Amino acid sequence: MSLLATLGACTNTSALTKERVAQSDASVQQAQQTVGRSEAGAIELQQARDKLSVAQAALAKDQPQEAEHSAAQAHLYAELAIAKSQSASARKAADEVLASVEILRTEAERTSPTQR
């Protein structure tokens, strides 16, 4: 909602700049969904939110270069937040698989005689 009001208020700013800020907003929202309550990516997500706020404020002040620059940074921070979150999830899954393999190995050693 606030993004639409901000975009509507900027008459001298190009449609491309407005679109880039809107795309960054979508990237930040996607990162929020991906990161959720996880700690992995939380700092980057906050940085993305901060840069998006700067971009929206720049739009409102009719500062297209600042808006585009901050929007690009917001998008990159959002992407980094998503990558860190997904990396942490993959690492956790790999650790769980390794733990399961170790349990199976221990069980197999216990139930079968050692052949030498």
Side-chain angles (χ1 to χ4, degrees):
M1 276 291 202
S2 66
L3 179 62
L4 292 175
T6 303
L7 292 177
C10 303
T11 57
N12 295 331
T13 304
S14 75
L16 181 59
T17 299
K18 294 173 188 177
E19 179 62 27
R20 287 184 177 153
V21 173
Q23 288 173 346
S24 293
D25 183 47
S27 295
V28 171
Q29 288 179 21
Q30 181 183 4
Q32 287 173 329
Q33 291 175 355
T34 302
V35 173
R37 296 182 186 268
S38 171
E39 287 184 31
I43 292 171
E44 294 75 15
L45 177 58
Q46 185 58 51
Q47 290 171 320
R49 286 183 194 131
D50 293 345
K51 290 297 180 181
L52 180 60
S53 293
V54 170
Q56 290 170 337
L59 268 184
K61 295 176 185 173
D62 198 26
Q63 298 172 336
Q65 288 181 332
E66 177 66 22
E68 286 200 32
H69 182 72
S70 295
Q73 289 180 321
H75 174 75
L76 292 174
Y77 277 121
E79 291 292 319
L80 182 57
I82 290 169
K84 281 192 167 188
S85 177
Q86 290 173 340
S87 175
S89 295
R91 189 174 24 247
K92 181 180 176 186
D95 289 344
E96 290 171 359
V97 168
L98 288 174
S100 295
V101 167
E102 188 58 35
I103 290 170
L104 289 173
R105 180 179 294 132
T106 302
E107 190 66 28
E109 288 173 358
R110 192 167 33 118
T111 58
S112 65
T114 305
Q115 297 178 2
R116 292 190 180 174

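Just so we're clear, the structure is a prediction, and the values are computed from it rather than from any experiment.
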Rounded to the nearest 0.5 angstrom, the OH-OG distance for Tyr77 and Ser70 is 10.5 Å

Taking only distance into account, with no hydrogens and no angle test, what donor-acceptor pairs under 3.5 Å do side-chain atoms of residues 26-36 form with protein atoms, sequence neighbours excluded?
unit_1: Ser27; atom_1: OG; unit_2: Gln23; atom_2: O; d: 3.1
unit_1: Ser27; atom_1: OG; unit_2: His75; atom_2: ND1; d: 2.7
unit_1: Gln29; atom_1: NE2; unit_2: Asp25; atom_2: OD2; d: 3.1
unit_1: Thr34; atom_1: OG1; unit_2: Gln30; atom_2: O; d: 3.0

Residue pairs meeting side chain to side chain donor-acceptor pair (under 3.5 Å), one or both in residues 95-107, sequence neighbours left out, come to Glu102-Arg105, Glu107-Arg110

Value for OG1 (Thr17) from CD (Glu19), rounded to nearest 0.5 Å, stands at 10.5 Å

Would you be so kind as to tabulate the donor-acceptor pairs closer than 3.5 Å made by side chains of residues 37-47, with sequence neighbours excluded?
unit_1: Ser38; atom_1: OG; unit_2: Ala40; atom_2: N; d: 3.1
unit_1: Glu44; atom_1: OE2; unit_2: Lys84; atom_2: NZ; d: 2.7
unit_1: Gln46; atom_1: OE1; unit_2: Arg49; atom_2: NH1; d: 3.2
unit_1: Gln46; atom_1: NE2; unit_2: Asp50; atom_2: OD1; d: 2.8

Heavy-atom nearest pair, Ala74 first then Leu52, reads CB-N, 3.6 Å

So the salt bridge (charged side-chain N to carboxylate O under 4.0 Å, His left out) pairs with at least one residue in residues 65-78 (sequence neighbours excluded) are Arg20-Glu68

Note: with side-chain heavy atoms under 4.5 Å as the link, the other cluster members for Val101 come out as Val97

By salt bridge (Lys or Arg N to Asp or Glu O under 4.0 Å), Lys51 pairs with (sequence neighbours left out) none

Those residues at least two apart in sequence (or on a different chain) that pass side chain to side chain contact (heavy atoms under 4.5 Å, CB included) with Leu98 are none

Quick check against the 3.5 Å criterion: does Ser85 have a side-chain atom that pairs as donor or acceptor with the backbone of Ala81? no

Closest non-hydrogen contact found for Ala55 with Ala71 is CB-N, 3.6 Å

